[in-house]
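Okay, so here's the structure we're looking at.
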Protein chains: 4
Amino acid sequence: MNIRLSLTIRNILLIFALTFSTEIQLIGQSVRKDFFLPDVPGYFTLKCDFHLHTMLSDGTVWPSDRVKEAWRDGLDAIAITDHVEYSPHKTDVTNDLNKSFDLAKAAADKYGIILIRGAEITRKMPPGHFNAFFLKEPNALRVDSVMDALKIAKAQGAFIIWNHPGWKSQQPDTIKWFPRHTEIYNLGLMQGIEYNNSTESYPVVFKWALEKNLTLFSNSDTHAPIDFEYTMGKADKRPMTIVFAKEKTSEGIHEALLDHRTVVYFRDTLAGDVKNMEPLVRQMIKVTSGKLVSSEKKTATVQISNTSDFPLSLCLVNSAQKVIPKVLLLEAHSTLALNLTDISFPDSKGGTITLHFQINNVLINVDTPLRYSVNVNFE
Amino acid sequence: MNIRLSLTIRNILLIFALTFSTEIQLIGQSVRKDFFLPDVPGYFTLKCDFHLHTMLSDGTVWPSDRVKEAWRDGLDAIAITDHVEYSPHKTDVTNDLNKSFDLAKAAADKYGIILIRGAEITRKMPPGHFNAFFLKEPNALRVDSVMDALKIAKAQGAFIIWNHPGWKSQQPDTIKWFPRHTEIYNLGLMQGIEYNNSTESYPVVFKWALEKNLTLFSNSDTHAPIDFEYTMGKADKRPMTIVFAKEKTSEGIHEALLDHRTVVYFRDTLAGDVKNMEPLVRQMIKVTSGKLVSSEKKTATVQISNTSDFPLSLCLVNSAQKVIPKVLLLEAHSTLALNLTDISFPDSKGGTITLHFQINNVLINVDTPLRYSVNVNFE
Amino acid sequence: MNIRLSLTIRNILLIFALTFSTEIQLIGQSVRKDFFLPDVPGYFTLKCDFHLHTMLSDGTVWPSDRVKEAWRDGLDAIAITDHVEYSPHKTDVTNDLNKSFDLAKAAADKYGIILIRGAEITRKMPPGHFNAFFLKEPNALRVDSVMDALKIAKAQGAFIIWNHPGWKSQQPDTIKWFPRHTEIYNLGLMQGIEYNNSTESYPVVFKWALEKNLTLFSNSDTHAPIDFEYTMGKADKRPMTIVFAKEKTSEGIHEALLDHRTVVYFRDTLAGDVKNMEPLVRQMIKVTSGKLVSSEKKTATVQISNTSDFPLSLCLVNSAQKVIPKVLLLEAHSTLALNLTDISFPDSKGGTITLHFQINNVLINVDTPLRYSVNVNFE
Amino acid sequence: MNIRLSLTIRNILLIFALTFSTEIQLIGQSVRKDFFLPDVPGYFTLKCDFHLHTMLSDGTVWPSDRVKEAWRDGLDAIAITDHVEYSPHKTDVTNDLNKSFDLAKAAADKYGIILIRGAEITRKMPPGHFNAFFLKEPNALRVDSVMDALKIAKAQGAFIIWNHPGWKSQQPDTIKWFPRHTEIYNLGLMQGIEYNNSTESYPVVFKWALEKNLTLFSNSDTHAPIDFEYTMGKADKRPMTIVFAKEKTSEGIHEALLDHRTVVYFRDTLAGDVKNMEPLVRQMIKVTSGKLVSSEKKTATVQISNTSDFPLSLCLVNSAQKVIPKVLLLEAHSTLALNLTDISFPDSKGGTITLHFQINNVLINVDTPLRYSVNVNFE
């Protein structure tokens, strides 16, 4: 106790000491409900939205408010991507493509949001719309030929993605990979692709991305205030691209995108390559208790907890790889107690058993939920 | 990447391997929203309710449901403390004082709740009501003399506390320490005391406890189903005694009570000795960002997060120990961004500043909120 | 204004007058969040649960707490239906079948809950379990033959229903109408049937009920505290039988059951005969605004409101009876603004248009959602 | 039943008939949680915010989004009041004062929001800031003299109010009625006043308004997206001016303002003259049940319901006009059951008793809560 007490005394002294600070004043405060996803071994887990419009093109939101929205939603990074070729407000508002970044920068610095200078190259299908990130001068993309625009972006060091390949307004009935997309892809002018955009999802894009090693994206593409469309406190959160970055910087994100280290979040579903997904889920789920109830009756109670803000939908899988249909909802920051029977314990005192789960709302390929196993020690 | 990939492959193999488990079946499931308070260095932080009634005395709840309620509310331990001398349901229900423990034990084992055999010695004031915990045979307390009852409890190894010293039904106008309490205290038959019981709080008890080194308690004393009176999802949670134990066992709790390592929780307030309280708060609050906005204007933004489910009410304290009146609500799992000015930075690039807070809803003595300081590194 | 002012003055006088009341005291208070379903023309809409157990048979809840739970959940009436033949707690608790009603009556009077004396005749399948309501002496049902038990109940004036015909524990693989059920039905000893019991629903029962003119029931059959299983504040409310009664009394309910005036509620679905269902829905949905946006472009905005606490899931149906797939969630006490196009207005200023909806979560037969039309006046 | 059945059949025919509508299409939908305040006899109860900025002066919100925010918050009317003399965004955005109204009008028509053309005359204290509503040409107010600006507004038919008389940035230490305000008031250029603005309230203004017959206002004066500052789903809703209008039009509101028929809402408090306030409260509170428990013990249970979305804080008042301190929270759409004792019933079967309440959060003068009485029939 002595050490503990003396530490406490030191803290008290610290509190009452006249320290360095002066007549500090409070000007304002903002509050956010955190949306927690755990980091994974070796990487920071960054929540990002790489497709946002402001009132400088056809949105209605002031650029710095895009930053505040992002902070309130628990994001780490955003790209503002106003249309290069479309400026319906230009009678009343400037259409200088640098302004959306410039008017947002001070807020980004203040709130610690990583702000990426982007723009949306906006053409008819094919090839449709492309987002370019990490641009130096977006106004330079205002050229006639879409191929020229993509090449100029690339020359500026941009990372380029194909947006909403199945956007209903452009492709009402089908999603198609045109020869033009092969051309763009082969020239290295398409490095990523939106699996999810706003409320639309394109399963075939998930397949393309895995086959062609394209980095997966899920973005809001929001034009209105984000609160008009999504409610972070509820199930219907904004779409997000989850990036596993070595450092929390614009450069860290760029490196991660080049290395395809993303998974996507939309409507309480996560999707991505198993090598990115499995480490994330492993940090979310913890077995907190295994109680042997009766070794004779082969019954036990297992408690599993969700340490994250992502609600998990699970099913147990038995040894014959058969899914037990009863759905287990493991809500955010919640614990499930599962009463199990017909368990073959190693010995009469319990021992260690491997439980297998299917995570219904975590996809590692089209219609393919992640299978996941944990070891439970029964006392 | 190679190591990481191979790990992933191993995981996949693990998932699809035919492991030891057999045709496991799911019988039932229960879900709870966690109520997270962090552990402190050297101790587990256990949430306990040491005063509960069942339908075996004058409550209306079945004993095993007291366990399930506790699990749902995120508790670690409960004591069922039916009245020794009062059994209004005895026409319809047994009044064997061991039954409330015995009927609850299987559920406690299953859900991992530490169940403590207790009873309430129920007399007129003075000396009023006393709870005895860790009893061996509660029926033995059915004797005429209250002093005898307390001595029998002590002889069984019990830890004994004075319940609700200011209970309005017994002491409508005042709270009084009677000579009889001095007698009981001097004989070692009163080791703890309820600062808070149900919706009542007794500030003078806090003072007595600190002076006389009595262990502090806050208990629900609930007779009805807990959901009739408290809603864990909202501000008005059930009262709890927070115990800092070396191990998560009945013995661990007993040792902690003997060493006075408790703080009390009631209506979104924590109260206790500074040496128990300060380490807990230190685990709750994290400075997550310090951004220098302008060294010229002496402005900066600080982000602080609450990692717990206990909502904190803060005020900044300036260097002259003056409290800045604007209240900062740092809700559970939330982050506050504070815009500050008039800061004297060590140098033009920022440096480290100590911020002082008053935690309005964390008390270390009567009407004495905890003062708390954190160092912020400004980039 | 004169009349209004004088009324106000009268009110003020009323407030400050020394009226008849004396030194009134407040002993206690309880609060509930209302669950509002509107009355229908000619009838009160009563929310009921006709299948509840207490600790007197194999439940764990004290009878008066069943009343308080009902009040908190916004119910108007309950039947306590402890098992006639099954009393696992009898070592510790009385098994007099009248006690569950008697111990609940005072609370029912106080809270204004209609309490119905019932019991569950509990036999193997066939014929399974039957609830008898409006009994005079439930202990008289303790006879060997199930047919005798049903006849004794009938002789007491009971209304009798077949409980959970497809209960998995009795009928794991199928739901079957046995010859014994025909016998019981023909003798007038089966007047109603549970379409829904706890978390189970039996679509074939819906069909049987419509064919055989059996009164439909949805009951919780809860043994545990209701809060352990359902949360009234959320989507997963307790099952309820909705009764359309001429008066809010036990007799009023009896008359309504005999006339088959019920619909059933379970997991945010309503189901029942169209003649009972349509008037209820008509009271829930109100068109609150019709705005012609452009008669040239044939566009308009319609606002519809849900005046109830039942969340409605709608789809628009076009003139070719084709359902437009986009789901419209009209939450409790909420309003939807629908932007519509391709409307043929009667004239260039708008006029009246009939809109057709499918109510996805209101069923009038197996897999048959209610179709519903409203007239909208466009300004 | 025949009439009822035939009505039902007619409805079914109506549903399946090929009616006038054609291939109607759904373009979009918006949803709002209603905020219900009841109408009062003779008047519509309209929820209004008469002080809003957009990105055309120093706000950051697009004008049409102010309309959508208002609809989502359940408002009936708004005035956009951009600063006449302050246009910090003019490098990037037009500062034509008509534009904020013009860019919002189409959305207002679509959503049925009454949109009022306003402007804020923005001067140093005295006289501070003034809002003018129902303007014809706000650009005409760009003149040197504040008195000229007010007179021009008046000549356009405007209704003029003094904004935030105690705004801390202008009047850090005091609130003062300057001689200049007497001059403006005497010329009929000040017809209303803000009691509440954003998070600030000025009790002395309430007194002034009652003395000088100024119409009371409570406005948000918001510059940021409304969701950044207020959450309609929670306690901290945006400030509102509640107008009692003969018709739901701009003219109806104008007439009501001239007749001083407003009360103000801020932070779950209502304030206003008793003649406006009492009829509103009378529509909110309903006695739903009075149950005599024991005429001998003089005990009874009363149930009162809140039919509105405004949470009421009540205290009982006994016959000696003494307030019983226990606070009764009658939440939105909730019911309270009050257990009362010491009631002198007219006769042994109950009869009618008048209960008196103090409504703690409904003020009819500075620090003066409304007293309110209801008659309860006890059965």
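Note that these values count all heavy atoms, side chains included, but never hydrogens, waters or copies made by symmetry. Protein chains get the first letters and strands the later ones, always in sequence-line order, with residue 1 at the start of each.
Contact of the D65(D) side chain with the P225(A) side chain is registered, since non-hydrogen atoms from C-beta on lie closer than 4.5 Å.
Residues of residues 88-102 of chain A lying within less than 4.5 angstrom of chain D, judged on heavy atoms, are H89(A), D92(A), V93(A), T94(A), K99(A) in numerical order. Contacts between residues 46-63 of chain A and chain D, counted as heavy-atom pairs separated by less than 4.5 Å, involve M55(A), T60(A), W62(A).
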